[in-house]
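First the structure, in the form of structure tokens, and then the observations on it.
What you see is a predicted model; the values in this text were computed from it and never measured.
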Amino acid sequence: MKHFIIVKFKKDYNYKEELDNINNLFYEAMLIPEIKDIIIHQSNSSRDNRYDLMIEMILTTNGLQDFDNSEVHKQWKEVYGKHIENKTIFDCE
């Protein structure tokens, strides 16, 4: 399955300065056995009504549960959650 985390950061937060750290954090999740791939897409638009980042994860249902319980997910929420204005979670085959 595919799991998407689509994020719009707050205007006063320069997420571009953190992209390397965000990439490194999510790539740590590749150590979870049922996560097959992670692709991080950065928006190429600066329009106010666009989201900034899309994290695409290819994993199994068990892999999603393992990710939700992982240290990576906990860190993502603790470090970056306060800078997120809005997010969308979308799962599909």
Side-chain angles (χ1 to χ4, degrees):
M1 73 180 282
K2 291 184 179 182
H3 174 71
F4 295 90
I5 305 167
I6 306 167
V7 179
K8 180 164 186 68
F9 289 101
K10 294 177 181 175
K11 287 182 183 182
D12 64 344
Y13 181 67
N14 187 353
Y15 77 93
K16 292 178 182 178
E17 290 180 353
E18 284 294 311
L19 276 177
D20 284 343
N21 292 330
I22 292 169
N23 283 329
N24 290 337
L25 176 64
F26 273 89
Y27 290 136
E28 283 181 37
M30 292 291 295
L31 297 173
I32 298 171
E34 299 205 34
I35 294 179
K36 307 301 178 201
D37 200 6
I38 297 174
I39 305 160
I40 298 178
H41 306 272
Q42 182 182 349
S43 176
N44 62 1
S45 175
S46 59
R47 294 181 180 187
D48 285 342
N49 65 343
R50 300 295 195 268
Y51 279 60
D52 301 308
L53 207 62
M54 181 171 72
I55 301 157
E56 176 182 357
M57 302 176 76
I58 300 170
L59 39 60
T60 64
T61 304
N62 288 340
L64 179 56
Q65 184 174 356
D66 291 345
F67 174 73
D68 283 346
N69 296 323
S70 73
E71 198 59 37
V72 171
H73 190 236
K74 182 180 175 183
Q75 255 188 313
W76 165 249
K77 291 174 104 176
E78 284 180 5
V79 175
Y80 299 101
K82 62 186 169 231
H83 302 294
I84 294 174
E85 179 179 316
N86 203 354
K87 72 177 177 179
T88 298
I89 305 298
F90 183 81
D91 297 326
C92 62
E93 289 304 318

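In this structure Glu34 satisfies the side chain to side chain contact (heavy atoms under 4.5 Å, CB included) test together with Thr60, Asn62, sequence neighbours excluded.
Rounded to the nearest 0.5 angstrom, Leu64 CG and Met57 CE are separated by 7.5 Å. Here Glu28 contributes atom CD and Phe26 contributes atom CZ; the two are 10.5 Å apart, rounded to the nearest 0.5 Å. The structure places CD1 of Ile6 at 8.0 Å from CD1 of Ile89, a figure rounded to the nearest 0.5 Å. Atoms CG and CD, on Asp52 and Gln42 in that order, are 8.5 Å from each other to the nearest 0.5 Å. Taken from CD1 in Ile39 to CZ in Phe4, the straight-line distance is 8.0 Å, to the nearest 0.5 Å. Here the CG-CG distance, from Asn24 to Leu19, works out to 10.5 Å after rounding to the nearest 0.5 Å.
For the pair Met54/Ile5, no side-chain contact is recorded, criterion being any heavy-atom separation below 4.5 Å from C-beta on.
Contact record, Lys36 with Met30: O-CE, 3.4 Å, taken as the closest heavy-atom pair. Residues Ile35 and Ala29 approach most closely at CD1-O, 3.4 Å, considering heavy atoms. Of all non-hydrogen atoms in Phe9 and Leu53, the two that sit nearest each other are CE1-CD2, 4.1 Å.
Transitive grouping of hydrophobic side chains (ILVMFWY, heavy atoms separated by less than 4.5 Å) keeps Phe90 and Ile58 in distinct clusters.
Pairs of residues two or more places apart, or lying in two chains, that qualify as side-chain hydrogen bond (donor to acceptor under 3.5 Å, both in side chains) and include a residue from residues 69-80 are Glu18-Tyr80. Within the structure, every pair that satisfies the side-chain hydrogen bond (donor to acceptor under 3.5 Å, both in side chains) test and touches residues 81-93, not counting sequence neighbours, is listed here: His3-Asp91, Tyr51-Asn86.
Tyr27 OH: more than 12 foreign heavy atoms inside a 6.0 Å radius.
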